[in-house]
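Structure first, then comments.
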4 protein chains.
Amino acid sequence: MATTKSGGRQEQSSERRDQIISIAARLIAKRGYSATTVRDIADEAGILSGSLYHHFSSKEAILQEILHSFMAGLLGRFEEIVAEGGSPRDILDKLIAHAFATIESQPDAVGLYQNELSFLARQPGFEFLGENSERIEALWLAQITEGQKVGVFRDSIDAPIAYRFIRDAVWSTVAWYRPGRGHTASTLTDNFLDLLHKGLLAD
Amino acid sequence: MATTKSGGRQEQSSERRDQIISIAARLIAKRGYSATTVRDIADEAGILSGSLYHHFSSKEAILQEILHSFMAGLLGRFEEIVAEGGSPRDILDKLIAHAFATIESQPDAVGLYQNELSFLARQPGFEFLGENSERIEALWLAQITEGQKVGVFRDSIDAPIAYRFIRDAVWSTVAWYRPGRGHTASTLTDNFLDLLHKGLLAD
Amino acid sequence: MATTKSGGRQEQSSERRDQIISIAARLIAKRGYSATTVRDIADEAGILSGSLYHHFSSKEAILQEILHSFMAGLLGRFEEIVAEGGSPRDILDKLIAHAFATIESQPDAVGLYQNELSFLARQPGFEFLGENSERIEALWLAQITEGQKVGVFRDSIDAPIAYRFIRDAVWSTVAWYRPGRGHTASTLTDNFLDLLHKGLLAD
Amino acid sequence: MATTKSGGRQEQSSERRDQIISIAARLIAKRGYSATTVRDIADEAGILSGSLYHHFSSKEAILQEILHSFMAGLLGRFEEIVAEGGSPRDILDKLIAHAFATIESQPDAVGLYQNELSFLARQPGFEFLGENSERIEALWLAQITEGQKVGVFRDSIDAPIAYRFIRDAVWSTVAWYRPGRGHTASTLTDNFLDLLHKGLLAD
DNA sequence: GATGAATGAGGGTTCATTCAT
DNA sequence: CATGAATGAACCCTCATTCAT
């Protein structure tokens with residue numbers, strides 16, 4: 001009845017569910033998945049831990065749902081950005097800007113993703129993490145290599161390595177970025193792009 | 001004779017202890033602290049879990065010892081590099097080079113540090129993590145600001161933010177760097193410094 | 001409806017809780033607190049040891065609850081007896097009679113109290129033991145000293161010491177009194193009061 | 001070579017042994033047998049816990065030795081007192097006086113005996129506790145019944161019950177008697193005998 | 001005599017999960 | 001939908017004891 005179309009993964013929608021997912025994302029982002037108990041989550045939701053199982057089939061299912069919807073949204077937007085076209089540099093800038101915007105809008109999901117990815121990627125049921133990561137990498141990397149081909153990016157740089165440096169610097173921001181301390185996603189983007197484009201050295 | 005009383009933390013040195021620490025570091029780096037059990041560690045050491053407590057007072061004490069000796073060594077070397085003098089740029093390059101070298105020589109400790117830092121820093125008994133991190137930040141940051149003052153680094157860049165981008169890009173490497181796949185600490189350093197110094201854009 | 005919030009200590013009342021408390025009191029009285037395991041208690045209750053923690057936060061909490069309710073009831077009744085008034089001798093006799101009645105009605109709690117008091121009184125969380133013991137001592141002692149003042153009790157006797165002798169003789173009875181062997185609380189009381197009042201010597 | 005004659009129970013004598021026994025008695029008296037670990041004992045003796053097993057075959061053996069030598073000495077002295085003869089009243093007074101003297105000279109052994117007796121008496125290897133207790137009871141009881149027969153003690157009193165009241169009042173003193181607070185074994189004896197002989201009531 | 005490393009059993013406790021109500 | 005009781009497995013840790021050195 002409340003079941004949506006999206007294949008296989010059962011996704012019942014309700015306020016309670018969304019509330020629980022939000023709470024779980026926050027706690028897991030802060031303490032880590034293993035260190036967060038279903039009781040912690042239930043307590044914050046104001047119910048008993050056993051009652052969580054009316055909404056989710058398991059603790060792991062909560063995590064899957066958080067990450068799945070996060071990654072689906074992220075990949076979708078990245079694909080849109082690429083589809084909207086532009087120069088490799090413009091597209092890369094937009095990808096980066098969207099990453100910083102995502103850090104600002106969904107810090108819990110991003111933090112959780114950063115912390116748990118390495119452990120989860122090999123776990124059964126989380127194969128989608130690796131798949132989506134590869135697709136995102138392909139999108140970004142294409143801009144860099146294309147930029148090198150057309151001469152806008154220096155080609156002395158190893159593109160896959162550059163991608164990883166960029167990716168890690170951007171997403172790690174979630175660990176220290178706190179809104180309302182003089183920085184916004186926008187200023188972070190500006191600073192990062194300035195450094196990335198022109199480098200640290202004065203001419 | 002084999003007893004070290006350096007620093008008051010670790011009481012005794014022995015092959016067994018070092019072996020256990022090494023095993024624990026590897027497992028914790030791979031699975032996370034919460035998800036690594038003392039039985040896992042003991043199993044790999046070929047002893048019973050209870051026997052671990054002949055060498056360490058608690059699971060947490062193992063983690064403390066790993067991180068404490070790692071951070072003490074790291075901070076010590078960073079301080080040496082600064083003490084050896086040079087231009088801000090040269091010193092910063094050396095700091096970065098040493099970070100990549102550390103990733104190569106102690107990937108477990110670095111990985112563990114990257115994954116658990118945010119959770120641990122506020123835990124009692126782990127205050128030294130925050131303290132050492134701040135001292136390292138101060139060392140690195142001083143090079144950047146000094147470089148800006150003398151004009152070798154562009155001063156349109158916000159130094160603390162630049163530091164964080166650099167730090168995160170460098171240390172996150174531990175999550176994907178695998179020796180013997182065409183890269184070494186040295187080539188990683190070269191690639192990173194090239195990108196950092198001159199930026200991504202062609203002139 | 002079944003929830004009592006009397007006193008803040010015990011949170012919830014239920015048959016299960018009471019049953020477990022009763023079992024625990026019996027086992028601890030027989031074997032001692034340290035030698036009684038939560039598994040022993042759970043086994044007798046017909047549940048798994050972990051399930052105990054649905055009802056109590058810790059093994060210690062069970063002990064606290066046993067002792068707290070025991071001492072609260074005891075002190076309350078003693079205070080009532082004093083409040084009902086009478087001559088010091090009558091009141092002291094009634095206090096003693098109630099002690100023997102308590103030994104008969106709650107042998108486990110009394111036995112447990114006798115065995116574990118000296119160890120527990122200094123433990124954190126059990127301060128109420130010492131406090132209540134002092135209040136009971138004050139009640140009893142007041143009767144003895146008042147009796148000496150009005151001349152009904154011989155005043156060659158050191159009252160605090162006499163109190164301790166009386167107290168110990170009475171409560172220690174729990175260690176050997178077995179109902180249905182020719183003695184009841186009532187005959188014990190009679191025997192004790194006869195000896196206490198008139199002494200062992202014939203005139 | 002250091003083996004003494006006393007049959008069956010191996011009793012090697014040495015300063016170390018005596019020191020350990022003394023430490024163990026003190027700790028067990030304070031915390032209880034179950035709550036006292038061999039490590040606690042070894043720590044206070046300045047050796048490692050495993051090294052205790054060069055002196056004693058088990059933790060239980062230490063306890064046995066403490067109690068065995070304590071009870072042997074006690075029973076022996078009680079038998080001497082009876083053998084020395086005198087009126088039932090004089091003998092009973094001397095027995096009581098010796099009990100208080102023992103509390104003063106061997107508080108740990110007495111305290112340990114008081115606390116652990118009920119649990120230990122049924123344990124294999126501790127049958128001597130019950131046997132000796134019965135022989136002591138017989139000695140004391142004989143004085144009371146003989147005193148009643150010759151008319152020096154009131155015979156309205158049930159002798160076995162009176163014995164238990166006396167025994168418990170006397171030995172329980174160990175739980176609160178602290179030397180150097182205005183009382184000695186001698187004054188305790190005087191107070192107790194005064195109360196016991198003449199009772200609490202004024203004529 | 002003592003050490004230091006280890007054992008094996010068991011300690012109290014936590015936790016994800018189930019299910020009758 | 002939620003509760004409350006329970007499960008079963010696992011967790012970290014303790015302890016008496018053993019034994020080669």
Side-chain angles (χ1 to χ4, degrees), chain A residues 12 14-17 20 33-42 45-62, chain B residues 2-3 12 14-17 20 33-42 45-62, chain C residues 2-3 12 14-17 20 33-42 45-62, chain D residues 12 14-17 20 33-42 45-62:
Chain A
Q12 311 213 18
S14 79
E15 286 185 27
R16 251 299 193 241
R17 273 181 75 85
I20 291 168
Y33 177 70
S34 289
T36 302
T37 72
V38 294
R39 214 192 212 104
D40 291 334
I41 299 168
I47 57 178
L48 291 179
S49 64
S51 305
L52 276 183
Y53 291 79
H54 286 284
H55 303 281
F56 301 92
S57 62
S58 70
K59 182 188 177 188
E60 206 180 81
I62 301 177
Chain B
T3 310
Q12 302 179 35
S14 78
E15 288 184 27
R16 225 3 174 190
R17 272 180 79 83
I20 291 168
Y33 177 69
S34 289
T36 302
T37 73
V38 295
R39 269 187 182 84
D40 292 336
I41 299 169
I47 58 178
L48 292 176
S49 67
S51 303
L52 276 183
Y53 291 81
H54 186 65
H55 302 280
F56 301 93
S57 61
S58 69
K59 180 188 176 187
E60 205 181 83
I62 301 177
Chain C
T3 310
Q12 301 181 39
S14 78
E15 287 184 28
R16 220 15 169 185
R17 271 180 79 84
I20 291 168
Y33 177 69
S34 289
T36 303
T37 72
V38 296
R39 278 182 178 84
D40 291 336
I41 299 169
I47 57 177
L48 291 176
S49 67
S51 304
L52 278 183
Y53 291 80
H54 185 65
H55 302 280
F56 301 93
S57 62
S58 69
K59 180 188 176 188
E60 205 181 83
I62 301 177
Chain D
Q12 311 214 16
S14 79
E15 287 185 27
R16 250 302 192 237
R17 272 180 77 83
I20 291 168
Y33 177 70
S34 288
T36 303
T37 71
V38 295
R39 214 193 211 104
D40 291 335
I41 299 168
I47 58 178
L48 291 179
S49 64
S51 305
L52 276 183
Y53 291 80
H54 285 285
H55 302 282
F56 301 92
S57 61
S58 70
K59 181 188 176 187
E60 208 181 77
I62 301 178

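Proteins come first, then strands; the chains are lettered A, B, ... in the order of their sequence lines, and each starts at number 1.
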message: Does any part of the side chain of B/Ser14, heavy atoms only, come nearer than 4.5 Å to the side chain of B/Arg17, both counted from C-beta?
response: yes
- request: Calculate the interatomic distance between D/Ile41 atom CD1 and F/dC15 atom C1'; express it in whole Å.
  value: 12 Å
message: Minimum heavy-atom separation for D/His55 and D/Arg16, please, with both atom names.
response: CE1-CB, 3.6 Å
- prompt: Is A/Arg16 near enough to F/dA2 that one of its side-chain N or O atoms lies under 4.0 angstrom from OP1 or OP2?
  reply: yes
- request: Can you tell me the distance, in whole Å, between the CG atom of A/Asp40 and the P atom of E/dT14?
  value: 12 Å
- prompt: Does A/Lys59 make a cation-pi contact with A/Tyr33, if we ask for NZ or CZ under 6.0 Å from the ring centre and within 45° of the axis?
  reply: yes
statement: A correct 5'-to-3' footprint of nucleotides 16-21 of chain F, with B, S and - meaning base, sugar-phosphate only and no protein heavy atom under 4.0 Å, is SBB---
task: Mind checking the CD1-CD1 spacing from A/Ile41 to A/Ile20? Nearest 0.5 Å is all I need.
output: 8.5 Å
message: Between P on E/dA5 and CD on B/Glu15, what's the gap in Å once rounded to a whole number?
response: 11 Å
query: Can you tell which of E/dG8, F/dA5, F/dC1 lies closest to the side chain of C/His55?
result: F/dA5
Rounded distance in Å - CG (D/Leu48) to P (F/dC15): 15 Å
task: Could you tell me the separation between the OH atom of D/Tyr53 and the CG atom of D/Leu48, rounded to the nearest 0.5 Å?
output: 13.0 Å
Non-neighbouring partners of B/Ser49 that pass side chain to side chain contact (heavy atoms under 4.5 Å, CB included), sequence neighbours left out: B/Val38, B/Arg39, B/Ala42
From NE2 (C/His54) to CG (C/Leu52), nearest 0.5 Å: 11.5 Å
message: What does the 5'-to-3' dot-bracket notation of DNA chain E look like when only Watson-Crick and G-U wobble pairs under 3.5 Å count, and pairs to other strands show as |?
response: .||||||||||||||||||||
- prompt: Base, sugar-phosphate, or nothing: which does B/Ile47 touch, judged by heavy atoms less than 4.0 Å apart?
  reply: sugar-phosphate
message: Can you work out whether A/Ala35 or B/Ile20 has the more 5'-proximal nearest nucleotide on DNA chain E?
response: B/Ile20
